[in-house]
Amino acid sequence: MPSYNHLEIEPKWQKEWETNKAGEAVESDADAVYHLIMFPYPSGAGLHVGHVESYTAMDILSRKARMQGKNVLFPIGYDAFGLPAENYAVKTGVHPADTTKKTMETFRRQMKAVGLSFDWSREIATCDPAYYRWTQWLFLLFYKNDLAYRAKAPVNWCDGCNTVLANEQVVDGACERCKTTVVQKDLEQWFFRITKYADRLLAGIDAVDWPERIKSMQRHWIGRSDGVEVEFRGLRAEMTGEKGTERVHEAEFSIPVFTTRVDTLFGVSYIVLAPEHPLVDVLTTEENRDAVVAYRDQARKKSELERTQLEKDKSGVFIGTYAKHPLTGEDIPIWISDYVLVNYGTGAVMGVPAHDERDFIFAQKYAQGVNEVVAPPAGMEHDFAAEAYTDDGILVNSGEFDGMTSTEAKNAIATAIESAGKGKRVVNYHLRDWLVSRQRYWGAPIPIVWCEACGAQPVEPKDLPVLLPRDVDFMPTGRSPLVDSVSFHDVSCPKCGAGARRESDTMDTFVDSSWYYLRYTDPHNDDVLAEPERIRRWCPVDLYLGGAEHAVLHLLYSRFFAYALHDLGYVDFEEPFLKLRNQGLILGPDGEKMSKSLGNVVNPDEVIEQYGADTIRLYEMFMGPLEDAKPWDTSGIVGIRRFLDKVWMTRERVGDAKDAELTCLVQKTIKKISDDIEALKFNTAISQLMICANALHEREVVPRGAYETFVTLLAPFAPHLAEEIWHDLGHAESAFAQSWPEYDAELAKDALVAIAVQVNGRLRATIELSPDLPEKDVRDRALATENVEKFTDGKEIAKVIFIQGRLINIVVK
RNA sequence: GCCGCGGUGGCGGAACUGGUAUACGCGCGGGACUCAAAAUCCCGUGCCUGCAAGGGCUUGAGGGUUCGAUUCCCUCCCGCGGCACCA
């Protein structure tokens with residue numbers, strides 16, 4: 001059997017590399033590069049083939065970089081806090097710390113079996129007190145700098161997970177993790193003031209080398225919109241005095257509405273408040289109160305999902321009060337409707353049926369006037385009775401602003417509003433502050449103590465970490481065990497010393513992962529989060545590889561952390577990840593997403609057992625472009641193993657031989673592999689390795705130099721086999737002690753190339769010629785070719801296009 | 001609806017800056033070795049036509065620019081991912 005024994009050689013070299021600390025980074029500035037993969041959540045399912053894909057890609061990059069003399073930081077750790085381990089504890093009673101320890105061991109074993117050259121000396125786990133002490137320290141830093149605060153707000157509550165969630169963790173109105181429909185609750189919670197950075201986070205996106213998809217998702221999520229807050233004022237009846245002797249007064253009120261289309265201000269026919277708007281109670285007249293209360297109760301019962309998905313159906317109630325138009329003084333009726341969201345803008349909008357689709361639908365239902373104030377440009381027809389005209393145009397029916405374009409009018413009306421003191425230009429964001437507290441156990445405790453007398457008191461940094469108590473009860477009540485742990489929450493106030501209660505909420509696990517890349521630079525430091533010198537040395541991250549599912553979660557939060565730490569003087573950069581790439585999903589052999597229930601999950605352990613680590617590495621890199629989704633194909637693996645066996649067998653025929661053609665091919669291979677690895681085009685790199693291997697294999701005697709160069713090029717991809725062959729060839733040192741081959745353009749030059757000969761752009765022949773042959777000679781040779789003569793004979797040559805070394809095109813009439 | 005990405009053989013996929021479309025791998029067909037099979041090795045393999053040389057067609061559809069278009073432009077169709085009552 002002409003095959004190598006992967007079961008023997010792979011563990012052998014893995015052990016050797018471990019002993020030699022082959023992947024460890026050196027603390028030196030020279031040629032320092034930081035390669036980061038998104039650290040895994042150590043799930044019970046073990047390592048997924050998707051992990052293998054991105055880790056292998058980065059391993060190839062890192063191994064090559066080291067061979068080029070670079071000092072590479074390629075660390076690994078575990079995003080180890082989180083809900084699944086806690087839910088498992090509720091179900092089985094096994095402590096999350098034990099579950100997590102076990103799953104981390106499994107991940108570690110599996111990653112080592114893939115032959116990944118991580119710097120294992122820097123391994124971290126977010127659930128380690130030595131780690132989360134700094135997560136807590138960061139919380140305190142933010143707290144002291146007004147970036148962490150507690151507030152009562154309408155928040156997302158998941159009944160399945162029994163905790164609040166950040167906006168980013170609500171997908172289609174449901175919990176991202178357990179799919180339970182999220183309900184709104186008014187609760188006091190901890191927030192990070194990410195909105196303070198909205199503008200800079202938006203601007204910073206332009207500067208980073210990230211996939212356009214992710215960048216546009218972040219821009220969209222931050223959602224900046226520039227507009228005007230316009231005040232609609234009015235008078236309402238107010239009762240004062242003792243019961244029985246009340247008197248009615250006229251009191252002034254003001255409703256600010258936010259609009260991006262202030263050019264349509266003269267088209268307002270009504271105002272709509274969100275049902276939850278605080279002014280609703282105040283402004284509703286007695287005769288309308290019953291209807292308003294009924295509507296509001298009904299709206300409250302609707303989930304966010306229902307309110308946002310029944311887009312076409314608009315409903316509302318008139319509340320009985322009118323406000324004055326700020327420029328015309330006209331009376332404008334005030335309505336409530338659940339198509340207006342309380343937590344965006346001012347929670348109130350102006351209804352302009354002629355120029356807004358939603359307002360148009362609403363106006364039709366409730367017989368509000370459609371006032372055309374923006375006319376379509378000349379030559380364009382629009383039927384205002386049929387639908388709203390939402391594009392820009394020329395102003396009409398707008399007093400002194402008539403004749404202006406929408407753009408001019410936006411500016412002019414905004415100025416008029418401002419100088420009349422009836423509003424101001426404002427910027428609104430979709431981005432909300434980040435809700436970070438969770439009513440769960442398995443996370444980093446929020447380092448705050450509640451004192452009757454002093455209120456919320458931060459824990460002293462010297463008292464960190466606030467340890468998660470191990471000895472707690474996991475009850476299926478849904479309540480965090482921390483709430484009932486007396487030893488945990490009975491403390492004294494850090495300020496006055498009186499009896500106090502520890503905050504029992506923990507932090508969102510996304511807080512843990514927002515700064516882990518900093519810790520890798522100095523993972524064992526007990527005095528500081530990381531030495532500034534080391535952060536400066538390695539950060540920001542040069543290349544970051546991971547899944548696209550974190551587009552607005554981890555990647556946005558981490559950017560916020562970096563900006564905040566920059567402003568507080570802890571880091572000298574703003575953007576943490578200069579270049580980002582996403583690996584595509586690996587689908588099951590059936591083309592579906594791998595899942596337990598479909599039974600199409602491929603276990604890397606089994607592939608490694610049967611074919612070897614080098615085979616799974618090569619196979620996953622060869623499947624297709626890194627960023628594409630691609631189905632697993634078991635028969636494709638066989639082809640990779642055949643290729644590796646071929647390389648192995650070729651070694652037996654190595655000897656002394658001169659072979660100019662092979663030299664040329666090897667040079668081209670050096671060029672192609674080097675370029676392709678940098679461009680993350682591993683599939684085409686491997687294709688070139690195959691072409692080269694096939695050529696080597698064909699030779700009776702394989703020139704030693706060519707073969708050794710080939711093995712060096714193969715090494716980052718198939719490190720075990722390359723190392724085995726390298727030693728088998730008589731070398732004492734590691735294959736990775738080699739420097740990366742240098743490309744020599746002179747040697748790569750072909751003696752002969754196939755020139756395409758076209759007549760009128762159609763291929764009629766190919767001729768073998770020296771690539772340097774001048775046009776005249778190529779032309780003569782081409783015209784003398786039999787099949788070309790056939791198409792040119794008796795015709796006039798109008799033109800000849802010549803591309804040196806590639807083609808000649810004869811244009812005839 | 002809006003934003004982003006894509007559509008190439010039987011399959012996964014290649015193709016520099018507009019320059020020989022289908023590299024590489026799988027699969028399939030044929031052959032060698034073998035008592036036989038597996039493994040391995042060699043040859044072939046886009047479609048139509050032809051004994052062959054060759055010819056015609058072909059990168060989702062249609063049009064355009066060009067000596068030449070998978071690549072650039074216009075119109076349209078389909079698929080995937082994201083966002084979506086944000087005023």
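Here the structure is a predicted model, which is why all the values come from computation and not from measurement. Note on naming: letters A, B, ... go to the chains in the order of the sequence lines (proteins, then strands), and numbering restarts at 1 for each one.
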(message) Distance check needed: B/G18 C1' versus A/L763 CG, whole Å only.
(response)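 Spelled out: CG on A/L763 to C1' on B/G18 is 17 Å.
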
(request) Mind calculating the distance between CE (A/M217) and C1' (B/G82) to the nearest angstrom? (result)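 In whole Å, B/G82 C1' lies 5 Å from A/M217 CE.
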
[X] side-chain N/O to [N] phosphate OP1/OP2 under 4.0 Å:
X      : N     : answer
A/N787 : B/G55 : yes
A/R762 : B/G68 : no
A/N694 : B/G25 : yes
A/R219 : B/G4  : no
A/R641 : B/A39 : no

Lys/Arg-Asp/Glu bridge criterion (N-O < 4.0 Å) met for [X], [Y]:
X      : Y      : answer
A/R219 : A/E212 : yes
A/D209 : A/R581 : yes
A/E231 : A/K422 : no

Check every strand shown and say whether [X] touches a base, only sugar-phosphate, or nothing at a heavy-atom separation below 4.0 Å.
X      : result
A/K215 : nothing
A/T766 : base
A/P211 : nothing
A/F791 : sugar-phosphate
A/H430 : base
A/K681 : sugar-phosphate

On a whole-Å scale, what distance lies between the [atom1] atoms belonging to [N] and [M]?
N     : M     : atom1 : result
B/G9  : B/C47 : C1'   : 9 Å
B/G13 : B/G63 : C1'   : 29 Å
B/A21 : B/G46 : P     : 14 Å

Watson-Crick/G-U partner (both atom distances under 3.5 Å) of [N]:
N     : result
B/C28 : B/G44
B/C51 : none
B/G6  : B/C78
B/U70 : none
B/A14 : none
B/C83 : B/G1

(request) List the atom of A/M594, the atom of A/L587, and the distance in Å for their closest heavy-atom pair. (result) CE-O, 3.6 Å

(message) For the backbone of A/Y611 and the side chain of A/R641, can you confirm whether one donor and one acceptor N or O come within less than 3.5 Å of each other?
(response)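 Present.
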
(message) From the set B/C26, B/G4, B/U20, return the single nucleotide nearest to any side-chain atom of A/A754.
(response)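 Of the options given, the side chain of A/A754 lies nearest B/U20.
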
(request) Please tell me which of the listed nucleotides, B/G12, B/A87, B/C26, lies nearest to the side chain of A/P631? (result) B/G12

(request) Might you work through the ring pair (Phe, Tyr, Trp, His ring centres under 6.0 Å) test for A/W335 and A/F362, ending with a clear yes or no? (result) CA-CA 11 Å; A/W335 288 64; A/F362 188 84; 5.5 Å; yes

